[in-house]
Number of protein chains: 2
Amino acid sequence: MTKGRITVIDIAKAAGVSKSTVSLVLQGSSLVNEGTRSKVNAVMRDLGYVYNRGAANLRKSGANSRIIGVVVNDLTNGFFAELAVGVDMVVQSAGFVQFLSNTSESIDRQREVIASMREHGISGLLVSPARATEATDFKPLIAAGIPVVVVVRSLPGAKVSSVVSDNRAGIAAAVAHLASLGHKRITFLGGFPDTAVFDERLDGYRAGMKAAGLEFNEALVVSSAPSRAGGAEAIAKAMLLAARPTAAVCFNDAVAFGVCDGLRARRMEPGTDFAVVGFDDVIEAQTAVPALTTIAVDPQGMGRRAAQLLLQQINAGKAEAEAVTTGVRLVVRESCGASQASGRKTA
Amino acid sequence: MTKGRITVIDIAKAAGVSKSTVSLVLQGSSLVNEGTRSKVNAVMRDLGYVYNRGAANLRKSGANSRIIGVVVNDLTNGFFAELAVGVDMVVQSAGFVQFLSNTSESIDRQREVIASMREHGISGLLVSPARATEATDFKPLIAAGIPVVVVVRSLPGAKVSSVVSDNRAGIAAAVAHLASLGHKRITFLGGFPDTAVFDERLDGYRAGMKAAGLEFNEALVVSSAPSRAGGAEAIAKAMLLAARPTAAVCFNDAVAFGVCDGLRARRMEPGTDFAVVGFDDVIEAQTAVPALTTIAVDPQGMGRRAAQLLLQQINAGKAEAEAVTTGVRLVVRESCGASQASGRKTA
DNA sequence: TGACAAATTTGGATCGTTCCAATTAACCTG
DNA sequence: CAGGTTAATTGGAACGATCCAAATTTGTCA
């Protein structure tokens, strides 16, 4: 039954032209006569021809497969799903397809999937690196002339482009907001200290405190796993301080939720007895009780931006590494205590 | 600088063997001498050789590209993101890579991405179809011998395999639960009537009512968009009935949330004055107030199952269409009114 | 040691496309 | 109508792997 794939030669034969002509039609060359073009197109439609991009790439020696690789560290996280959607949008409308793989923070899986993608001939790689990713991990890629863009987590030392949110400005804005509400003892809670993101956010905290005329105190910084459980631990530790804090900016929303848990565990109500600000604006932030004041980043926008950058570098053939930071904004809800007698009050 | 890609010939030359031998090493053939094998491997490592799967597939005439295509209708939806992660897991550990594209329910985009994936030579397709997908849309694929598995939404009439959750049993269980709580006038709210999923769930509703000894009444079924807004509309309509319902099973969680909104709008508290059950168990279901009683499906599990089925069909060369339904379970929380004086009470 | 089998290795030919140089057809123009 | 452009078309020869049949080396045994 399966008489094998239909090739340009079949088309050529059926249309009474040579394979070269069919090839020209395929690439929309202006050299071919309008009449022949339409006849060839008709035959292709009739026979259900499908272009074999693999064969074409082989001849064209690799570079332009019109495939890009996308690697994310945690697709179950809504943030990264949104990011992927943003990437998908621009990739799709540029006529590319994407490999997409999830690493679950496993650096081994990451290495594997990237290797696999290379074998399939990607013309660019967009990656949100797994935790302990080394800058050198991308060396072979860039040596082979494959543009790489890292997103969300920057990779200090790597000569690759990056698109990250403005962590510094975001946390600084959060601190400023809390300060404007009268808070003086503001802690910075959560996050692993060995990551670039942590450093940037901590830096924002430091800057925010300084700008508000508050003293930066090492003791007010409590790191922890960037998770709900980590947040609970962190607030517990922070409450042991002699000079008890009255507000916290958290590494991310998950930590912030954990902080709320921890506060309740000691009979304090977040938003009323203690101010909490998160980072990310995950979907639950608006429906939680109290609704979480947080720094919103636009993951889909980041995805789009990163994909654009990557495509641009692919088209340019060879481009310099470029660092883009995308804007963030403070979303004031209830957990910071700023909203006065909020309308919706659950009985 | 870029002296072009390194090929088997370069390896052969450097290792002092023929390209054929290198090829045999590549495929792990037992024909080659252990000594030569390790020498070749060493050279490959030294020169940083990367296998060109495209070239290989060309010779092997397409079939086994070790790429599968994954198409989902809405990746921003956490449900589908989880599904994709499940797929990714088994695809990855089978040594395949996946194209992943989002259609945003656009049937045109869907057609485009599938066409694009075909050009790149996928050896199987896993798709959660966009709304108005026709059974015939996959004809060319299966004609070309490319296995197709649809997931989440079945496609009546299409000769493709499917993996869907047990919609019927799920809704029936929800009805049974409500009936056991003493409810007699139970409505079925939300969803578009022209979809297979709707039919299955409605069927489950009918079966559940009958099993509980309650009468099925057409008027108690109110369809609407499967969204939060749709849910609000639906409950509004349902409340106009002479015999007012006291409980609702909803098409999905989004509808259920909308129903809660609608109830509050008329000063009724879900879980207290009216029982609500959803379907899907989205992430917000547990943090919402009141926490939503719902039918949990395991999207990641579905993804894994679907991917397994697809891979199996790919390996089998040609397999019969198979229909798999995956189990669901009722998760009792607060919105059905079953939980007595739940522990956590927000002040 | 010669003959034969087993173990290894190896040149093409080939997959479906693109690209180049060369050919053919069509059209001017003096 | 010869000579010169321009417009269309067309055979190979690649691209980087696989696979087959054939060649080579090695091992075994009478």
Side-chain angles (χ1 to χ4, degrees), chain A residues 2-41 43-44 47-67 118-123 144, chain B residues 2-41 43-44 47-67 118-123 144:
Chain A
T2 66
K3 48 155 49 185
R5 194 192 257 274
I6 292 168
T7 81
V8 277
I9 299 193
D10 299 319
I11 303 297
K13 224 168 287 177
V17 296
S18 79
K19 62 185 166 50
S20 302
T21 303
V22 177
S23 174
L24 290 177
V25 171
L26 246 14
Q27 348 187 207
S29 164
S30 61
L31 290 181
V32 10
N33 179 293
E34 199 46 57
T36 6
R37 178 197 308 286
S38 51
K39 161 178 276 176
V40 169
N41 278 323
V43 173
M44 290 200 294
L47 300 195
Y49 169 74
V50 332
Y51 184 68
N52 185 335
R53 215 170 272 277
N57 290 341
L58 181 55
R59 186 52 167 75
K60 295 199 284 192
S61 215
N64 49 352
S65 60
R66 302 189 85 71
I67 302 178
R118 275 199 73 187
E119 293 188 350
H120 283 285
I122 52 176
S123 37
Chain B
T2 67
K3 47 155 48 182
R5 192 193 259 273
I6 292 168
T7 81
V8 277
I9 299 193
D10 300 319
I11 303 298
K13 223 169 285 178
V17 296
S18 79
K19 62 185 166 48
S20 302
T21 303
V22 177
S23 174
L24 289 178
V25 171
L26 245 15
Q27 353 190 202
S29 162
S30 61
L31 290 181
V32 12
N33 181 292
E34 199 46 57
T36 8
R37 178 197 308 287
S38 52
K39 161 177 277 178
V40 169
N41 277 324
V43 173
M44 291 201 293
L47 300 195
Y49 170 74
V50 332
Y51 184 69
N52 185 335
R53 217 169 271 275
N57 290 340
L58 182 55
R59 185 55 167 74
K60 295 199 284 193
S61 216
N64 49 351
S65 60
R66 301 189 85 71
I67 303 179
R118 276 198 73 186
E119 293 188 351
H120 283 285
I122 51 178
S123 37

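Proteins get letters first, then strands, A, B, ... in listed order; numbering begins at 1 in each. Note that these values count all heavy atoms, side chains included, but never hydrogens, waters or copies made by symmetry.
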Do Val50(A) and Arg5(A) come close enough that some side-chain heavy atom pair is under 4.5 Å?
-> yes

From dA17(D), dT18(D), dA13(D), pick the nucleotide closest to the side chain of Arg59(A)?
-> dA13(D)

Name all residues meeting the side-chain hydrogen bond (donor to acceptor under 3.5 Å, both in side chains) criterion together with Arg118(A); count only those two or more places apart in sequence or in a different chain, and write none if there are none.
-> none

Hey, can you pull the donor-acceptor pairs under 3.5 Å for the side chains in residues 27-35 of chain A, sequence neighbours left out?
| unit_1 | atom_1 | unit_2 | atom_2 | d |
| --- | --- | --- | --- | --- |
| Gln27(A) | OE1 | Ser23(A) | OG | 3.2 |
| Ser29(A) | OG | Leu31(A) | N | 3.0 |
| Asn33(A) | OD1 | Gly35(A) | N | 2.5 |

Contacts of Ala15(B) meeting side chain to side chain contact (heavy atoms under 4.5 Å, CB included) (sequence neighbours excluded), chain-then-number -> Val17(B), Lys39(B), Val40(B), Val43(B)

Contacts of Ser38(B) meeting side-chain hydrogen bond (donor to acceptor under 3.5 Å, both in side chains) (sequence neighbours excluded), chain-then-number -> none

Earlier contact from the 5' end, DNA chain D, for Gln27(B) and Arg37(A) | Arg37(A)

May I have the distance from Lys13(A) (atom NZ) to dT9(D) (atom P), rounded to whole angstrom?
-> 19 Å

Nearest-Å distance for atom pair CD/P, residues Glu119(A) and dA17(D) = 10 Å

Tabulate atom names and distances for all N/O pairs under 3.5 angstrom spanning the protein and nucleotides 6-8 of chain D.
none

Should Tyr49(A) and Asn41(A) count as side-chain neighbours, where that means a heavy-atom distance under 4.5 Å?
-> no

Which is the 5'-most and which the 3'-most nucleotide of DNA chain C that has an atom under 4.0 Å from a heavy atom of chain A?
-> dG16(C) to dC19(C)

Roughly how far, to the nearest 0.5 Å, is NE2 of His120(B) from NE2 of His120(A)?
-> 12.5 Å

Between the OG1 atom in Thr21(A) and the CD1 atom in Ile11(A), the distance rounded to the nearest 0.5 Å is 13.0 Å

The reported gap from CG in Leu24(A) to OG in Ser18(A) (rounded to nearest 0.5 angstrom) is 7.5 Å

Atom pair CZ (Arg59(A)) and CG (Leu58(B)), whose distance is rounded to the nearest 0.5 Å | 13.0 Å

Atom CG of Asn57(A) and atom CG of Asn52(A): how far apart are they, to the nearest 0.5 Å?
-> 9.0 Å

Considering heavy-atom distances to DNA chain C, does Gly16(B) or Ala55(B) have its closest nucleotide positioned more toward the 5' end?
-> Gly16(B)

Figure out the OH/P separation between Tyr51(B) and dG16(D), and round it to whole Å.
-> 14 Å

How many Å lie between CG on Asn52(B) and C1' on dA14(D), as a whole number?
-> 14 Å

Does anything in residues 17-26 of chain A reach DNA chain C, meaning a heavy atom under 4.0 Å, and if so which residues?
-> Lys19(A), Ser20(A), Ser23(A)

Is it true that a side-chain atom of Ser123(A) and a backbone atom of Asn64(A) form a donor plus acceptor pair closer than 3.5 Å?
-> no

To the nearest 0.5 Å, atom CE of Met44(B) lies from atom CD1 of Ile6(B) at 11.5 Å

Between the axis at one end of the helix from dT1(C)-dA30(D) to dG30(C)-dC1(D) and the axis at the other (five pairs apiece), what's the angle to 10 degrees?
-> 50°

Leu58(B) CG to dC15(D) C1': how many Å, rounded?
-> 9 Å

